[in-house]
Amino acid sequence: VSFSVRPMYLCVLLPAVLFVIAGVVVQNLIADVESVSWSPPSISRKYPEYHDVVTNTAKFLPGLNKPEGMLTHDGYLYTGVRDGKIIKASLEDGTTQVFAQVDGHPLGLAYHPQSNSILVCSPGASDKKTGLLAINMETKEVKLLFKKAAGKEMLFVDDVDVDTETGDIYLSDATKVSPGVVGPLVASQLEILGVPSGRVVKYDWKKKPAEGEVLSEGLAFSNGVAVDSKNRKVYVVETGRYRVHQYDIPSGKWNVFVEDLPGFPDGVSLAPDGSGLWVAMFGPRDPVADSILHPFPIFKRILQVAHFLMPPTTPPGGFVHVDNQGKITARYIDETANNLASTTDVVQEGDNIYIGSLAKDFVGRFPLK
């Protein structure tokens, strides 16, 4: 009897002991890692039927390495690529030239009329020019405008836009996780899995202080920024919560402009006809993350420690149009991820939408008509 019972005990006790040991190890590993519980809204709204953009999206400016942020100005498109070059391309014939060189992967771009310069978000660069840069349009001189807000370094300056009436600058400091250490994609993942630390920063152009002013903090990866100078509004994407915030400049009040978006929003820009916003969708929402990860911080804490086990993904990209009442009026998706994947920015110029990506080697161009 003893010979038959002992193996049975071992079959029960050994896994239990290993489970306890594993639990102690995991607990020690995640002891200093923080996360919060969050219950994502169910995708309950009825979205418009999407437009399939696979066949109509042209590969504009092929040969670029991850053109993430974009700017159109005076007949040209400007975009930053992985090796630090700012590329200037004619919207008419697609001819390109190197406009400037910065250290690191330049992200968001904006034209600043008061200084006749292009503002460049430079996160995680290896030299001291990490922060918000300004490149003079004539001399091409690269200047560091500022790198701190409220006494803290801006580690992930992500996107920027300008109030053209005052020259004031609004930008997103996406996370306290440095992309120079783990890379921008992993930094964004760790931010969404952890305690939200994203900030929205204002720089007063007339006063030109040494540091920026923090307008909002505690966002789950503050991302795209768009300023509506005419209507005195600022729009800021919160990627990890599937929403866009609206800031009223005169009153200083915030409100949620649109939420429950169908994917992870990234870049945002104003529609030139005043009809609302274009919002880039980096990829679709993940039902597993919504139902299992976010409500239970223990799983998110484990993934933060073992983030190297998360497989790299290239999700299907797309973008949506949101009207001035916060209603999604149109969706554009490439479910094959052949032409649009990991979409980071969308800018309309004329009847064309120009599309940036963290995964592709070209700028996409999609005709609206």
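One is the number of the first residue; the rest follow in order along the sequence. All heavy atoms count here, side chains included; hydrogens, waters and symmetry mates do not.
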When every non-hydrogen atom of His105 is compared with those of Pro123, the smallest separation belongs to O-CD, 3.7 Å
Exercise. Are Tyr235 and Val322 co-members of a hydrophobic cluster defined by side-chain heavy atoms under 4.5 Å apart?
Worked result: yes
Connected to Phe362, directly or through other members, by ILVMFWY side-chain contacts below 4.5 Å are none
Please say whether the positively charged group of Lys88, taken as NZ for Lys or CZ for Arg, lies over the ring of Tyr78, i.e. under 6.0 angstrom from the six-membered ring centre and within 45 degrees of the axis. no
Scanning both residues in full, the closest heavy-atom pair of Gly318 with Leu340 reads CA-CD1, 4.2 Å
- Item | Between Thr164 and Ser229, a side-chain donor and acceptor under 3.5 Å | yes
Is atom CD of Gln97 surrounded by more than 12 heavy atoms (other residues, nucleotides or ligands) closer than 6.0 Å? yes
With sequence neighbours left out, the residues meeting side-chain hydrogen bond (donor to acceptor under 3.5 Å, both in side chains) with Thr175 are Glu191
Taken in chain and number order and not counting sequence neighbours, the residues that satisfy salt bridge (Lys or Arg N to Asp or Glu O under 4.0 Å) with Asp83 are Lys85
In this structure, CG of Leu277 is separated from CD1 of Ile328 (nearest 0.5 Å) by 11.0 Å
Residues passing the salt bridge (Lys or Arg N to Asp or Glu O under 4.0 Å) test with Glu238, sequence neighbours excluded, are Arg243
*asked:* According to a hydrophobic-cluster definition based on side-chain heavy atoms being under 4.5 Å apart (Ile, Leu, Val, Met, Phe, Trp, Tyr only), do Leu270 and Val258 belong together?
replied: yes
Taken in chain and number order and not counting sequence neighbours, the residues that satisfy side chain to side chain contact (heavy atoms under 4.5 Å, CB included) with Leu368 are Trp278, Tyr332, Gln348, Ile353, Phe366
ask   = For the side chain of Ser117 and the backbone of Met137, is there at least one donor-acceptor N/O pair under 3.5 Å apart?
value = no
Indicate whether the side chain of Asn116 and that of Tyr111 have a donor and an acceptor atom separated by less than 3.5 Å. yes
Distance col, row Ile135:CD1 vs Gln101:CD, nearest 0.5 angstrom, shows 9.5 Å
Report, as yes or no, whether the 6.0 Å neighbourhood of atom NZ on Lys140 holds more than 12 heavy atoms from other residues, nucleotides or ligands.
yes
Applied to residues 219-236, the salt bridge (charged side-chain N to carboxylate O under 4.0 Å, His left out) test, sequence neighbours excluded, yields Asp163-Arg232, Glu165-Arg232, Lys233-Asp248
Is a side-chain N or O of Thr57 found less than 3.5 angstrom from the main chain of Asn339, in a donor-acceptor match? no
Grouping ILVMFWY residues whenever side-chain heavy atoms fall under 4.5 Å, the cluster of Val36 otherwise contains Val195
task = Determine, for Tyr242 and Arg285, whether the Lys NZ or Arg CZ falls below 6.0 Å from the six-membered ring centre while staying within 45 degrees of the axis.
result = yes
To the nearest 0.5 Å, atom NZ of Lys300 lies from atom OG of Ser37 at 6.5 Å
Query - Shared hydrophobic cluster for Leu171 and Leu215 (ILVMFWY, side-chain gaps under 4.5 Å) - result: no
Joining Ile, Leu, Val, Met, Phe, Trp and Tyr whenever any side-chain heavy atoms lie under 4.5 Å apart, the cluster holding Leu91 also takes in Phe60, Leu61, Leu64, Met70, Leu77, Val81, Ile87, Val98, Val347, Tyr354, Val363
Between Ala341 and Ala337 the two heavy atoms that sit nearest each other are CB-O, 3.7 Å
Residues pairing under salt bridge (charged side-chain N to carboxylate O under 4.0 Å, His left out) where one sits in residues 62-76, two or more places apart or in two chains, turn out to be none
Value for OG (Ser90) from OH (Tyr76), rounded to nearest 0.5 Å, stands at 5.5 Å
Could Lys207 and Trp205 be counted as a cation-pi pair, given that NZ or CZ must be under 6.0 Å from the ring centre and within 45° of the axis? no
Heavy-atom closest pair (Ala187 atom, Pro179 atom, distance to 0.1 Å) is CB-CA, 4.1 Å
Nearest heavy-atom approach of Asp266 to Phe282 is OD2-CD1, 3.6 Å
Tracing side-chain contacts under 4.5 Å among Ile, Leu, Val, Met, Phe, Trp and Tyr outward from Ile333 reaches Tyr50
Discussion item. Taking Ala174's backbone N and O only, do any of them form a donor-acceptor pair with Ser172's side chain (distance below 3.5 Å, no angle check)?
Written reply: no
Can you tell me if His321 and Ser275 form a side-chain donor-acceptor pair at under 3.5 Å? yes
Report yes or no: does Asp334 contribute a side-chain atom to a donor-acceptor pair with the main-chain N or O of Asn338 at less than 3.5 Å?
yes
Value for CD (Glu217) from NZ (Lys152), rounded to nearest 0.5 Å, stands at 6.5 Å
Salt bridge (charged side-chain N to carboxylate O under 4.0 Å, His left out) pairs touching residues 166-179, sequence neighbours excluded, are Asp168-Lys202, Asp173-Arg199
Looking only at heavy atoms, the pair that brings Gly69 and Leu109 closest together is O-CD1, 4.0 Å
Under 3.5 Å, is there a donor-acceptor pair between the side chain of Tyr203 and the main chain of Pro209?
yes
### Heavy-atom donor-acceptor pair, Ser222 side chain to Leu219 backbone, under 3.5 Å
no
Paired with Ile169, the side chain to side chain contact (heavy atoms under 4.5 Å, CB included) test is passed by just one of Val227, Leu119, Asp204, Val225, namely Leu119
Sequence neighbours excluded, the answer for side-chain hydrogen bond (donor to acceptor under 3.5 Å, both in side chains) partners of Thr239 is Asn223
If we ignore hydrogens and angles and just use 3.5 Å, is the side chain of Thr344 paired with the main-chain N or O of Ser357 as donor and acceptor?
yes
Same apolar cluster: Phe221 and Leu107, side chain cutoff 4.5 Å:
yes
d(Trp254 CH2, Ser216 OG) to nearest 0.5 Å is 5.0 Å
